[in-house]
Structures are given as structure tokens and as C-alpha cells.
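In what follows, a single structure is set out as C-alpha cells and then discussed.
Throughout, a chain's letter reflects where its sequence line sits, starting with A, and its residues are numbered from 1.
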Amino acid sequence: MHPAPSVILFTTLSGLGFGLLFFLGLGYPGSTGWVAFVFFALAYLLAVGGLMASTFHLGHPERALKAFTQWRSSWLSREAWCAVGALVVMGLVGLGRVFFDTHWMALGMIGAVLSVATVLTTSMIYTQLKTVPRWNTPITPMLFLSYSAAGGALLAGQIDWARILLCIVAALQLAWWIAGERALERSGTSLATATGLGPIGTPRAFEPPHTGSNYLTREMVFVVARSHAKLLRLVAVLFAFAIPLVILTMTFNHTLAGVAVISHIAGVLISRWLFFAEAEHVVGLYYGQR
Amino acid sequence: MTLLPEKTDRKLGLVIDLDTCVGCHACVISCKGWNTENYGAPLSDQDPYGADPTGTFLNRVHSYEVQPEEGAAQLIHFPKSCLHCEDAPCVTVCPTGASYKRAEDGIVLVNEADCIGCGLCAWACPYGAREMDSAEKVMKKCTLCVDRIYNENLPEEDREPACVRTCPAGARHFGDFADPSSNVSKLTAERGGMDLMPEQGTKPVNKYLPPRPKDTLEMKVSGAPPLLTPIAEEPKGFLGWLDRTLGQIDGNKTGGR
């Protein structure tokens with residue numbers, strides 16, 4: 001799949017933002033006043049910034065409100081509802097924390113659940129696609145949720161949680177990469193089933209329909225060199241998990257915490273680029289690509 | 001509405017005969033011609049006469065080489081357009097309700113006024129049947145020429161999809177798969193019509209007829225064509241007389257060369 005910067009930014013930033021909102025909703029940290037304002041402002045910048053980035057890849061962003069209508073069948077529509085719900089509820093929670101010096105616990109819990117639901121629905125947009133076998137696994141939502149929670153814990157300054165969660169994401173990320181290696185083969189889809197010509201022999205793409213590119217090849221046929229992917233995975237693990245975990249074992253100060261957060265975000269961005277770039281869409285088979 | 005209908009009254013679709021398709025791409029051109037002037041936004045081209053031309057098409061013809069276990073490879077031309085799936089994954093993912101499957105005839109369509117151009121339906125389609133138009137920024141797909149098949153302003157023989165009407169080889173057939181006595185149902189039953197990517201669970205309506213087995217000739221394929229068997233060892237008649245006479249003149253028994 002084409003690794004579109006808008007979608008990489010969206011999933012990374014809004015994942016972090018809703019992760020932070022999750023912890024704020026549960027009352028960690030339970031700070032109020034200006035400190036709470038800074039935490040909430042950061043969460044909203046990330047979450048809303050990510051959602052804004054996601055509209056950049058729309059052909060007609062002016063019709064985006066129509067995306068709220070099909071929640072009964074569409075994960076993208078459900079995501080829209082959950083995101084707005086989480087932002088509204090957590091806005092009220094933030095109001096109480098910043099101006100009234102109180103944490104409305106019940107409202108905070110609802111906001112936390114909606115924040116998790118937003119990340120879950122985002123991940124389901126990718127997970128539901130049978131056409132992209134690498135994404136079509138239960139590990140995908142687990143991966144998105146744990147990334148969001150780990151990033152949220154890091155941003156919320158919940159060091160103990162961050163340590164545990166970073167280890168969990170690292171394990172899930174490795175599991176996801178390993179499972180992804182043979183996902184296309186396991187899906188059973190090949191050029192033989194795509195053309196139905198398997199019973200008479202081994203098909204090979206001989207002539208494409210045209211000499212140039214088209215929407216399908218630009219959007220869904222993106223081939224990343226395996227050697228590059230391996231290297232990038234290593235870099236992602238280093239930035240997203242290794243460096244933050246090492247920093248978390250040191251004595252806390254704000255500069256180091258900032259380095260840990262920035263390193264983690266850089267690592268997640270690389271991992272998310274790979275999430276798209278390495279994913280093979282079965283339509284590539286028709287063009288002789290995997 | 002992006003929920004799929006429980007069942008459709010009719011199941012309109014195409015049968016594509018891989019045995020007869022000659023790979024001329026006439027269906028590609030007639031499709032582009034009709035659909036750029038009629039239903040919905042035109043099918044735009046970008047840089048059509050430049051170095052990197054690209055454009056929106058609803059029907060494209062691939063060509064595949066198939067190598068059997070033994071014998072010569074075969075070249076199969078493979079037209080591909082929307083299969084109007086019964087379990088269309090492109091419809092259910094649509095967040096706006098722009099994509100829908102009609103309950104009356106099963107045609108999968110896009111309401112372009114509702115399309116936000118998110119591209120998720122194209123991701124959900126395993127067949128590459130949907131393409132986002134670069135100029136209009138809305139999703140385009142085969143409409144089964146919904147503006148021809150019911151169009152009473154057209155002569156009756158033209159009330160079928162443009163690709164079917166134009167195919168010079170008769171490789172494309174249009175009809176109702178819900179009716180077991182229709183031409184397409186009969187063809188599918190007789191020729192073993194098949195689904196593309198059945199494992200994707202999309203239940204495509206369109207069927208593909210596999211190439212028929214080729215004739216097998218008694219001959220050794222070793223590069224050179226087999227030698228013809230002589231029908232007479234010794235020339236007879238006038239040629240025989242000529243051969244003998246000339247042979248006597250220059251002394252060669254079997255005639256000159």
C-alpha cells in the first residue's frame with residue numbers, strides 16, 4: 001500500500017492523543033488548573049491535529065459530515081462518531097479539571113472508554129480488509145491499542161505503566177511482523193485464484209493493460225525492498241522502544257522525558273510507514289506484483 | 001445505504017469468455033467512450049499525450065501466460081471490470097452511503113454527490129474495480145451501463161453494456177443470473193463458469209468461462225515442424241516422363257535439381 005504521509009501522521013498523532021486522553025480520563029495524572037490545561041491542550045493538539053491530517057487525503061473534505069451516517073456498517077463512520085464523542089466528553093472533563101478543580105470520575109471513565117474505542121475503530125478500518133492479508137489479523141487492533149496506550153502513558157508521565165506497556169507493544173510489534181511475513185501466502189489468494197487459470201497451469205503476468213501507471217498501481221502496489229524494510233524495523237525498535245525504555249530507567253527530569261517522547265514518536269512514525277509500505281494488496285497480483 | 005440488500009430480485013452481470021477474447025481492448029475503449037459522456041463525472045485523463053499518461057478506466061484487459069505441466073504455454077487475454085459482488089466489501093466500508101447495491105437488480109453503484117473520495121472502497125475491492133478520478137476526486141466504477149440497459153431512447157439491440165455491444169469476438173455476455181433460463185446462466189452451467197478469488201468471500205456475480213482445452217495434434221514438439229510424408233516416392237504422369245527424360249539427358253537417374 002502507498003504510505004501516504006497524511007494517513008501515517010493521522011494514525012500516529014491521534015493514536016498518541018487519544019492514548020493521553022485515556023489516561024487523563026482515568027485521572028492519571030490527576031492534576032488541575034494550569035498543569036491540567038497543558039496536558040489537555042497537548043492531547044487535543046495531537047488528537048485533533050491527527051484528525052485534520054486525515055482529511056487531507058479526502059477528495060472532497062467539504063462533504064466529511066456525511067461520513068457520520070453509515071455507523072451501522074462502516075468502521076470509518078464508527079470512528080468518526082467515537083472520535084467526536086471522546087473529544088466532547090473529554091472536553092467537559094478538561095473543563096472540570098482546569099476551571100473547577102475537580103475530576104468528574106464517571107464522565108472521565110466514559111471519555112476514557114470512548115478514547116479507546118476511537119483507536120479500536122481506527123485499527124478496524126485496516127483489520128477488516130481481507131484484501132490486505134498483512135492487516136487482516138487480530139494482532140492489528142492489539143498493536144494499535146497498545147501503541148496508543150504506551151504513548152499515552154509516556155505523555156501522561158505514568159512511568160511504571162509506560163515501562164510495562166512499551167514492553168508489551170514491542171512484543172506485539174515483533175509478533176505482527178513475524179505473522180505478516182507469510183500472511184499473503186496463508187490468505188490463499190494468488191495469481192492462480194485471481195485469474196481462475198490455476199487449474200490449467202501456472203499463470204504469469206505477461207502484458208499489463210497499459211504501459212503507464214494507474215490509480216490502482218499508485219495507491220495499492222507499493223513495493224519496498226526487503227533489505228530496507230529490515231533496517232527500518234531495527235531503527236523503529238530502537239527509537240520506539242529501546243531508547244525510551246533506557247531513559248525511563250534513569251532518574252526523571254523533563255528534558256530526558258522529552259527526549260523519550262520524541263524518540264518514541266519517531267519510532268512509531270517509522271513503524272507506521274512500514275505498516276503501509278510493507279502491506280501487499282491482492283490487486284497487485286493482477287499486475288504481477290506482490 | 002451501505003448495508004447490503006438481503007437478496008436482490010435480479011442479478012444482472014456479465015459472462016466473460018476467456019476462450020474467445022482476442023485481447024483487442026475494444027471493450028476498454030467503448031466503455032471509456034460511453035461512460036465519459038454519460039452517467040456521472042467524466043473519466044478524465046492526465047497528461048494523455050505527454051511522457052507519463054494516466055487516466056481513469058472502468059474496464060481493463062490484462063494478458064497472462066499460462067504454462068501447463070506439459071506442452072506449450074497459452075496466452076490468455078483477461079478483461080476485468082466490476083464483478084457486482086453479492087457480498088460487496090466495497091459497499092459496507094463506505095462511511096457516507098455513497099456506495100450501494102441496488103435491491104432490484106444487484107448493480108453496485110456510487111452516488112457521486114455523496115462520495116468524499118476517501119478511497120476506502122477501492123482498498124476493500126480485491127479486483128481493482130474501483131478507481132478514483134484524479135480530476136473529479138470521486139470514486140468511479142462500472143455501472144453495468146445502467147444508463148443503457150433500461151434506456152428506451154436507444155434501439156433495443158443497444159440496451160446492453162457498451163463493452164458487450166462492441167465486443168467483436170462475442171466474448172462478453174450480459175444477462176440475469178437469477179434466472180436459470182437466461183443466456184448467462186446457461187453459458188455458466190455449460191462451460192463451467194467460475195468466480196475470481198472465491199476465497200475472498202465476495203460472491204461475485206460476473207462469471208469467467210475458462211479457456212477450452214486446446215486441440216492435441218500427433219506431433220513431436222522439438223522446435224522444428226514435423227516433416228510432411230511424401231505422397232509418392234516415384235514421380236508419375238507428365239512430371240514422371242519429364243523427370244525420366246531429363247535424367248537421360250544429363251545422366252542423373254532421378255532428375256536435375
Within the 4.5 Å heavy-atom criterion, are [X] and [Y] side-chain neighbours or not?
X: I200(A); Y: E69(B); answer: no
X: V61(B); Y: P209(A); answer: no
X: P95(B); Y: S74(A); answer: yes
X: V93(B); Y: L76(A); answer: no
X: P61(A); Y: K137(B); answer: no
X: K140(B); Y: Y215(A); answer: no

With a 4.5 angstrom heavy-atom cut-off, is it the side chain or the backbone of [X] that approaches chain B, or both, or neither?
X: A64(A); answer: backbone
X: R218(A); answer: side chain
X: H57(A); answer: both
X: Y126(A); answer: side chain
X: W135(A); answer: side chain
X: Q128(A); answer: side chain

Residue W273(A) excluded, over 12 heavy atoms near CH2 under 6.0 Å: yes
Does CZ belonging to R182(A) count more than 12 external heavy atoms closer than 6.0 Å? no
Could you state the interatomic distance from [atom1] ([X]) to [atom2] ([Y]), rounded to the nearest 0.5 Å?
X: L65(A); Y: T96(B); atom1: CG; atom2: OG1; answer: 11.5 Å
X: L120(B); Y: S77(A); atom1: CG; atom2: OG; answer: 11.5 Å
X: M197(B); Y: S190(A); atom1: CE; atom2: OG; answer: 8.5 Å
X: H2(A); Y: W123(B); atom1: NE2; atom2: CH2; answer: 9.5 Å
X: L18(B); Y: T195(A); atom1: CG; atom2: OG1; answer: 8.5 Å
X: C125(B); Y: L129(A); atom1: SG; atom2: CG; answer: 11.0 Å

Heavy-atom cut-off 4.5 Å, strictly under: side chain, backbone, both or neither for [X] against chain A?
X: E136(B); answer: backbone
X: M132(B); answer: both
X: E112(B); answer: backbone
X: S134(B); answer: side chain
X: C118(B); answer: both
X: A113(B); answer: backbone
X: I116(B); answer: both
X: P53(B); answer: backbone

Are any side-chain N or O atoms of [X] and backbone N or O atoms of [Y], one a donor and one an acceptor, separated by less than 3.5 Å?
X: H210(A); Y: G55(B); answer: no
X: T92(B); Y: S73(A); answer: no
X: R204(A); Y: Y64(B); answer: no

Are T202(A) and Q67(B) close enough, and set up right, to give a side-chain hydrogen bond (donor to acceptor under 3.5 Å, both in side chains), and what steps lead you there? CA-CA 5 Å; T202(A) 310; Q67(B) 178 64 60; over 6 Å; no
Do you know which of G288(A), G212(A), A192(A), P203(A) has the most heavy-atom pairs under 4.5 Å to chain B? P203(A)
Would you name the heavy atoms of Y286(A) and L196(B) that are closest together and state the gap between them? OH-CD1, 3.7 Å
May I have the step-by-step check of side-chain contact (heavy atoms from CB on, under 4.5 Å) for V283(A) and Y127(B), ending in yes or no? CA-CA 6 Å; V283(A) 79; Y127(B) 308 108; over 6 Å; no
Would you sort out whether T193(A) and E199(B) count as a side-chain hydrogen bond (donor to acceptor under 3.5 Å, both in side chains), showing the intermediate values? CA-CA 8 Å; T193(A) 69; E199(B) 70 283 353; 2.8 Å; yes
Look at the rings of H62(B) and Y287(A) and say which category their plane angle falls in: under 30° parallel, 30 to 60° tilted, over 60° perpendicular. perpendicular
